[in-house]
Amino acid sequence: MSNNARLLLLNADVVASFLQPNDVLQAVRDAFLLHSEGKGRVFPVIREKLATGGIFGIKAGDVQIDSLLGFKAAGFWPDNRTLGSEPHQATIMLVNPATGRPQCIIDGNAITTARTGAAGAIGLQQMAPEHVSQLCVFGTGVQARAQLRYALQVRPDIRKVLYLSADHQPSASFEALFRDQVSLQHATDADAAVASSQIVVTTTPGLGALFHVAAIQPGTHLNCVGTDTKGKRELPEGVLPRVRLVVDDAIQARQIGETQWAPETPCHEIGDLLRGAVQLQRQPDDITLFDMTGLALQDLTVARLIYQRALASGVGIDVAWPW
């Protein structure tokens with residue numbers, strides 16, 4: 001019996017203290033490259049609706065050459081809002097691939113938020129038009145804020161942001177976060193906001209089409225975040241045949257992303273763009289779409305970063321875990 005085995009527990013405060021945007025961007029970029037090179041695997045996703053009204057999922061994967069193995073158990077519980085809490089919940093576990101024993105359990109909420117924001121930023125770097133002045137974002141919640149925060153970091157040429165809220169009202173808290181960086185305007189006409197923006201970001205629960213297909217103008221880039229389950233959608237019918245499509249994982253996108261609505265649409269994976277295996281060569285009138293379903297490898301590379309820094313700093317709750 002190995003009585004000296006340990007398990008490290010890292011709560012949300014510890015995680016937040018180590019989530020530096022540039023580091024997260026690099027970790028997510030590494031995840032996409034590992035996936036493209038075949039060095040990192042993503043296993044079939046579990047994503048199921050619950051009788052409680054929630055959605056529960058598991059995303060798992062590994063990087064064998066780096067002895068990295070783990071999973072994220074996560075989902076969406078809308079009734080959490082009545083408790084004053086965040087409906088998105090996530091927990092990540094890193095596992096020793098040689099023994100199967102857990103090494104670290106990490107609060108995954110902030111990691112999920114940050115790695116998704118970073119993925120969106122990488123999509124903008126690889127796919128968005130060269131000249132951008134205005135971005136439109138659907139949503140004002142946690143993920144909308146992450147997407148905009150990372151977008152402004154990698155595309156400082158964005159001068160104006162139109163935002164659409166679920167209650168159709170301006171959000172003072174949302175505006176307060178960004179008013180020193182960019183001009184913000186609350187919009188109520190979704191089609192007009194889309195038509196006047198070079199970048200459109202959707203971060204809603206995916207309950208239905210957010211605008212009409214005719215609103216999308218030539219030269220537009222879309223980052224779609226909210227569709228991550230069978231039956232969800234944010235885009236209207238008829239968009240996918242018009243776009244040059246990039247996904248994080250082709251199989252996963254066809255199962256649970258926007259691509260599920262037109263799975264025959266040709267696509268490239270973002271990792272192939274990053275390593276130069278595919279050249280996008282965007283034309284001025286191209287409409288491009290990054291269908292973001294979220295890879296287990298993103299969670300694992302960022303979680304590894306947090307775990308290594310926690311070990312080096314001596315923080316977290318260290319628990320005896322003999323076996």
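What you are looking at is a predicted structure, and each value in this text was computed from that prediction instead of being measured.
- Looking at every heavy atom in both residues, Q147 comes nearest to N223 through OE1-ND2, 4.2 Å.
- Residues Q298 and V302 are not in side-chain contact: their nearest non-hydrogen atoms beyond the backbone lie 4.5 Å or more apart.
- Of the possible donor and acceptor atoms, none in the side chain of T204 sits under 3.5 Å from a partner among the backbone N and O of G139.
- Partner F138 forms a side chain to side chain contact (heavy atoms under 4.5 Å, CB included) with one of V200, V201, T203 and no other, that one being V200.
- Under the 4.5 Å side-chain contact rule for hydrophobic residues, V142 and L152 do not share a cluster.
- Between E264 atom CD and T259 atom OG1 the span is 10.0 Å, to the nearest 0.5 Å.
- Distance alone, capped at 3.5 Å, places no donor-acceptor pair between the Q181 side chain and the F178 backbone.
- For the pair D291 (side chain) and E258 (backbone), a donor-acceptor distance under 3.5 Å is present.
- In this structure, D167 contributes its side chain and Q169 its backbone to a donor-acceptor pair below 3.5 Å.
- Applying the salt bridge (charged side-chain N to carboxylate O under 4.0 Å, His left out) test between R115 and each of D23, D30, D299 identifies D299 as the sole match.
- The side-chain heavy atoms of H88 and F76, taken from C-beta on, include a pair separated by under 4.5 Å.
- Note that the OG1 atom of T202 and the CZ atom of F211 stand 7.0 Å from one another [nearest 0.5 Å].
- Residues S36 and E269 bring no donor and acceptor atom of their side chains to less than 3.5 Å of each other.
- Side chain of Q134 to backbone of L162: no donor-acceptor contact under 3.5 angstrom is found.
- Clustering ILVMFWY residues whenever any of their side-chain heavy atoms sit less than 4.5 angstrom apart, transitively, puts F32 in the very cluster that holds V278.
- Closest heavy-atom contact between G219 and P129: O-CG, 3.1 Å.
- Counting non-hydrogen atoms of neighbouring residues, nucleotides and ligands closer than 6.0 angstrom, the CD atom of E237 reaches no more than 12 such neighbours.
- In this structure, the side chains of L235 and C224 come closer than 4.5 Å at one or more pairs of heavy atoms.
- By the 6.0 Å contact criterion, CD1 on I251 is open, its count of non-hydrogen atoms from other residues, nucleotides or ligands being 12 or less.
- None of T91, L8, N11, L10 except one satisfies the side chain to side chain contact (heavy atoms under 4.5 Å, CB included) rule with I106; the exception is L10.
- Of all heavy-atom pairs spanning A118 and V24, the tightest one is CB-CG1, 3.8 Å.
- In this structure a side-chain-to-backbone donor-acceptor pair under 3.5 Å is present from D107 to N109.
- The number of heavy-atom neighbours closer than 6.0 Å to CD of E48, taken from other residues, nucleotides and ligands shown, is 12 or below.
- Once rounded to the nearest 0.5 Å, the distance linking CZ of F174 with CG of L184 reads 6.0 Å.
- From K230, atom NZ reaches atom NZ of K49 across 11.5 Å, with rounding to the nearest 0.5 Å.
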Test log, rule side-chain contact (heavy atoms from CB on, under 4.5 Å), inputs R309 and S17 = CA-CA 10 Å; R309 292 192 171 175; S17 70; over 6 Å; no

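- Using modelled atom types, one side-chain atom of D248 and one backbone atom of G294 make a donor-acceptor pair closer than 3.5 Å.
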Show the numbers, then the answer: is there a side-chain contact (heavy atoms from CB on, under 4.5 Å) between Y150 and L124?
-> CA-CA 10 Å; Y150 277 88; L124 298 185; over 6 Å; no

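- Looking at heavy atoms from C-beta onward, L280 lies out of side-chain contact with Q126 at the 4.5 angstrom threshold.
- Remark: the backbone N or O of L289 is not paired with any side-chain donor or acceptor of R244 at under 3.5 angstrom.
- Annotation: the span from L222 atom CG to M292 atom CE amounts to 12.5 Å, rounded to 0.5 Å.
- Side-chain contact annotation: H221 with T288, donor-acceptor N/O pair under 3.5 Å present.
- Hydrophobic cluster membership is shared by L34 and I270, with clusters built from Ile, Leu, Val, Met, Phe, Trp and Tyr side chains linked at under 4.5 angstrom.
- By the 4.5 Å heavy-atom criterion applied to side chains, T113 and Q143 are counted as neighbours.
- With a 6.0 Å radius and a threshold of 12 heavy atoms from other residues, nucleotides or ligands, E130 has its CD atom at or below the threshold.
- Between G54 and W77, the shortest heavy-atom contact is CA-CD1, 3.8 Å.
- Note that the CD atom of E234 and the CG atom of L210 stand 5.5 Å from one another [nearest 0.5 Å].
- The closest donor-acceptor contact from the side chain of Q217 to the backbone of A215 lies under 3.5 Å.
- Taking both residues in full, the closest heavy atoms of I199 and A128 are given as CD1-CB, 4.1 Å, listed atom of the first, atom of the second, then distance.
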Could you go through the side-chain contact (heavy atoms from CB on, under 4.5 Å) check for F18 and S313 one step at a time?
-> CA-CA 10 Å; F18 292 124; S313 302; 3.7 Å; yes

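- A donor-acceptor pair under 3.5 Å is absent between the side-chain atoms of R155 and the main chain of D157, judged by distance alone.
- Within the 4.5 Å cutoff, the side chain of Q26 has no heavy atoms near those of the L305 side chain.
- Counting only N and O atoms by type, the side chains of Q198 and S133 include a donor and acceptor under 3.5 Å apart.
- Across all their heavy atoms, S197 and A193 have their closest contact at OG-O, 2.8 Å.
- The shortest side-chain heavy-atom distance between S196 and K160 does not fall under the 4.5 Å cut-off.
- Looking at R254, Q260, Q255, Q252 one by one, the single match for side-chain hydrogen bond (donor to acceptor under 3.5 Å, both in side chains) with T293 turns out to be Q252.
- A donor-acceptor contact closer than 3.5 angstrom is absent between the side chains of R242 and T220.
- Residues T301 and V63 are not in side-chain contact: their nearest non-hydrogen atoms beyond the backbone lie 4.5 Å or more apart.
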Chi angles and distances behind the side-chain contact (heavy atoms from CB on, under 4.5 Å) call for T188, H186 = CA-CA 7 Å; T188 56; H186 178 247; 3.6 Å; yes

